[in-house]
Structure formats: C-alpha cells, structure tokens
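Comments concern the structure below.
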Amino acid sequence: MRAAVVVFPGSNCDRDLAVAFEQAGAEVTMVWHKESELPQGVDIVGIPGGFSYGDYLRCGAIAANSPICKSVAAHAGRGGYVMGICNGFQVLTETGLLPGALLRNAGLKYICKTVGLKVETSASDFTTVYNAGDVVDIPIAHHDGNYFADAETIAALKGEDRIAFTYTENPNGAQADIAGILSDNRRVLGMMPHPERAADTGHGGTDGTALFRALAGALTTA
C-alpha cells in the first residue's frame with residue numbers, strides 16, 4: 001500500500017496519520033499543499049486533522065482550493081481511495097467529494113474526549129474487519145463537527161448504506177448521530193473522530209488500528 005498524507009499550514013495530525021499508515025505496512029509520502037500532483041502510484045490519500053489555514057473563512061474551505069486538492073479530486077475520480085479525518089472530513093465536504101457540511105458544535109464548545117462509535121456498515125474496505133453493530137472507542141477533538149445535510153441526502157446515505165459510523169452518545173448535534181460517511185463508490189471516507197489516535201497502546205487504546213489494517217489488506221490483495 002502506498003499512501004500520501006497531505007500537509008496544510010495548520011495541520012497537526014499529519015505525522016500521527018503517517019505513523020498509523022506505516023504501522024499497517026504502508027509506504028508513506030508527505031505532500032505539501034502547494035504541490036500540484038500526487039506521487040505516482042499512490043493508492044490512498046490521507047487528509048489529516050488540524051486547523052488548515054487557521055480555519056479562516058470556513059473550516060476546510062481554503063484548503064479545498066489549494067493546488068493539491070485538484071489532484072486529490074482527480075485521484076478520487078479515478079477510483080482511488082481517500083480518507084479525511086476531522087479537518088480532513090471538512091475539506092472533503094468543501095471539495096464536494098462527500099455531501100453535507102460540518103457546522104459548529106451544538107454546544108458551541110470545542111470537544112476533546114474519547115467517544116463510543118457504532119460501526120454502521122462493514123461493507124467498505126475501510127470497515128470490513130469490523131462487524132456492523134460493533135462499538136469502538138475513538139477520540140474526538142473538534143469545534144465544528146456537527147454534521148448537517150438536507151433530508152434527501154440523509155435518506156440517501158441511510159438507504160445506500162453509506163453511513164460508516166455513528167456516535168453512541170451524540171456529542172455535537174450531528175444529524176442522525178453521524179460520525180463518518182462514505183462516497184457513493186465507497187472509496188472515500190470522511191469521519192470526525194481520530195482513528196490514528198487510537199492506534200497505539202501508549203495512547204490508551206487501539207480500536208482504530210483495525211481500520212488501517214483493513215485498508216492495507218484490501219489494497220494488498222487487490
């Protein structure tokens with residue numbers, strides 16, 4: 001598996017994401033936001049958490065218009081895999097690779113804690129080693145994690161089995177308790193919680209490890 005992790009000014013989870021990919025067996029390249037092309041042969045692009053461009057304008061809006069994001073969109077259009085975590089999820093909605101938007105938390109406060117996530121589907125290469133209905137413990141750290149979409153979009157996400165994760169106890173007001181969603185081809189995942197922060201026993205838990213292991217297994221056998 002060859003992974004590229006995009007780095008924006010204000011990214012602060014880029015190294016964590018790279019380490020999680022590496023622990024799953026990936027060869028990782030860090031890609032600066034001003035680059036216009038991804039490395040040749042990349043299987044998956046990781047868009048990390050943080051505060052890209054200081055979260056000015058809207059979270060992820062400036063990053064979505066950076067030179068590298070055109071290449072990320074082209075990669076997704078070719079059927080390549082993309083994972084956006086926290087700020088990365090916001091970037092993916094701003095690019096239009098995923099539907100909906102991430103709004104200010106309902107309590108108007110930054111939230112940083114470990115939460116329970118329910119796996120809603122195992123029918124994706126990201127979640128295949130989980131069972132639908134499993135509950136995993138994954139950290140969150142966000143101020144704008146309140147997922148919003150119109151009723152038609154929410155119905156489509158449910159009907160097409162594209163909700164990857166929901167919160168067992170909704171911390172931010174997200175519609176339908178949504179914590180993560182998939183694209184229509186199931187190769188783009190956006191999620192607010194941080195699985196890369198739950199991939200090392202020294203960090204207090206390893207429930208996120210399975211996600212990276214599942215992806216590595218899918219790409220290795222493809």
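Grouping the Ile, Leu, Val, Met, Phe, Trp and Tyr side chains by contacts below 4.5 angstrom, directly or via other members, places V31 apart from V19. I111 is connected to F165 through a chain of hydrophobic side-chain contacts under 4.5 Å among Ile, Leu, Val, Met, Phe, Trp and Tyr, so both are in one cluster. If you chain together hydrophobic residues whose side chains sit under 4.5 Å apart, F8 and L57 fall into the same group. In this structure, V45 is a member of the same hydrophobic cluster as W32, with clusters built from ILVMFWY side-chain heavy atoms closer than 4.5 Å. In the hydrophobic clustering of this structure, V129 does not group with L215; members are Ile, Leu, Val, Met, Phe, Trp, Tyr whose side-chain heavy atoms approach within less than 4.5 Å, directly or through other members.
Minimum heavy-atom separation, A198 to P139: CB-CD, 3.9 Å. When all heavy atoms are compared, the tightest approach of G50 to N12 is CA-OD1, 3.2 Å. Summarising the geometry of K118 relative to G133, their closest heavy-atom pair is CE-CA, 4.0 Å, with the distance given to 0.1 Å. Shown here for L97 and A76, the closest heavy-atom pair between the two residues is CD2-CB, 3.9 Å. Scanning all heavy atoms of the two residues, the minimum distance from A141 to C86 falls at O-SG, 3.4 Å. Contact between Y167 and G145 at its shortest, heavy atoms only, is OH-O, 4.5 Å.
Residues K34 and S66 have side chains not in contact (no heavy-atom distance under 4.5 Å, counting atoms from C-beta outward). Using a 4.5 Å heavy-atom cutoff, the side chains of M1 and E27 are not in contact. Annotation: side chain of L98 is in contact with side chain of V188 (closest heavy-atom distance under 4.5 Å). By the 4.5 Å heavy-atom criterion applied to side chains, Y147 and D177 are not counted as neighbours. The shortest side-chain heavy-atom distance between K70 and S36 does not fall under the 4.5 Å cut-off. Side chains of E169 and V115 form no contact here, defined as non-hydrogen atoms less than 4.5 Å apart. Side-chain atoms of M30 and R15, non-hydrogen and from C-beta on, do get closer than 4.5 Å to each other. Contact check for T95 versus V72: no side-chain heavy atoms found under the 4.5 Å cut-off.
Comment: R104 engages D144 in a salt bridge, judged by a side-chain N to carboxylate O separation of less than 4.0 angstrom. Between R186 and D161, at least one side-chain nitrogen of the basic residue sits less than 4.0 Å from a carboxylate oxygen of the acidic one, meeting the salt-bridge criterion.
Every residue two or more places apart in sequence or in another chain that forms a side chain to side chain contact (heavy atoms under 4.5 Å, CB included) with T128 is listed here: A214.
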Inset, instruction - Determine, step by step, whether C13 and R197 satisfy the side chain to side chain contact (heavy atoms under 4.5 Å, CB included) criterion, reporting the C-alpha distance in whole Å, the side-chain angles of both residues, the deciding distance to 0.1 Å, and the verdict. - result: CA-CA 9 Å; C13 298; R197 295 186 183 181; 3.0 Å; yes

Legend entry - Stepwise side chain to side chain contact (heavy atoms under 4.5 Å, CB included) check, M191 with L211: CA-CA 12 Å; M191 59 186 298; L211 188 153; 3.9 Å; yes

Inset, instruction - Report the C-alpha separation of L117 and V135 in whole Å, then their side-chain angles, then the decisive distance to 0.1 Å, and conclude whether the side chain to side chain contact (heavy atoms under 4.5 Å, CB included) test is met. - result: CA-CA 5 Å; L117 290 188; V135 174; over 6 Å; no

Inset, instruction - Give the C-alpha distance, both sets of side-chain angles, the deciding distance and a yes or no for side chain to side chain contact (heavy atoms under 4.5 Å, CB included) between V82 and L189. - result: CA-CA 6 Å; V82 182; L189 169 70; over 6 Å; no

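Atom CD1 of residue I85 and atom CD1 of residue I140 lie 14.0 Å apart, to the nearest 0.5 angstrom. Within the model, atoms CG of L157 and CD1 of I178 stand 5.5 Å from one another, a figure rounded to the nearest 0.5 Å. To the nearest 0.5 Å, atom CD1 of residue I181 and atom OG of residue S124 are 12.5 Å apart. To the nearest 0.5 Å, atoms CZ (R162) and OG (S183) are separated by 6.5 Å. Put simply, CG on D125 and CE on M83 are 11.0 Å apart, with the number rounded to the nearest 0.5 Å. The CZ atom of F21 lies 13.5 Å from the CZ atom of R2; values are rounded to the nearest 0.5 Å.
Side chain of Q175 to main chain of A149: a donor-acceptor pair is present (N/O by atom type, distance under 3.5 Å, no hydrogens or angles). Formation of a donor-acceptor pair under 3.5 Å by the N87 side chain with backbone atoms of S52 is found in this model. Checked by atom type and distance alone, the side chain of T93 pairs as donor or acceptor with a backbone atom of Q90 at under 3.5 Å. Looking at D134, its side chain does come within 3.5 Å of a backbone N or O of N131 through a donor-acceptor pair. The backbone N or O of T121 lies less than 3.5 Å from a partner atom in the side chain of T127, making a donor-acceptor pair. Of the possible donor and acceptor atoms, one in the side chain of N170 sits under 3.5 Å from a partner among the backbone N and O of A174. Not a single donor-acceptor pair under 3.5 Å links the side chain of N172 to the backbone N or O of A106.
Checking Y81 against D43 by side-chain atom types alone, no donor-acceptor pair falls below 3.5 Å. In this structure, a donor-acceptor pair under 3.5 Å is absent between the side chains of T209 and T206. Judged by distance alone, the side chains of N105 and N146 never bring a donor and an acceptor atom under 3.5 Å apart.
Within the structure, ring pair (Phe, Tyr, Trp, His ring centres under 6.0 Å) contacts touching residues 44-67 (residues at least two apart or in different chains) are H33-Y53.
Other residues sharing the hydrophobic cluster of F148, ordered by chain and number and joined by side-chain separations under 4.5 Å: L103.
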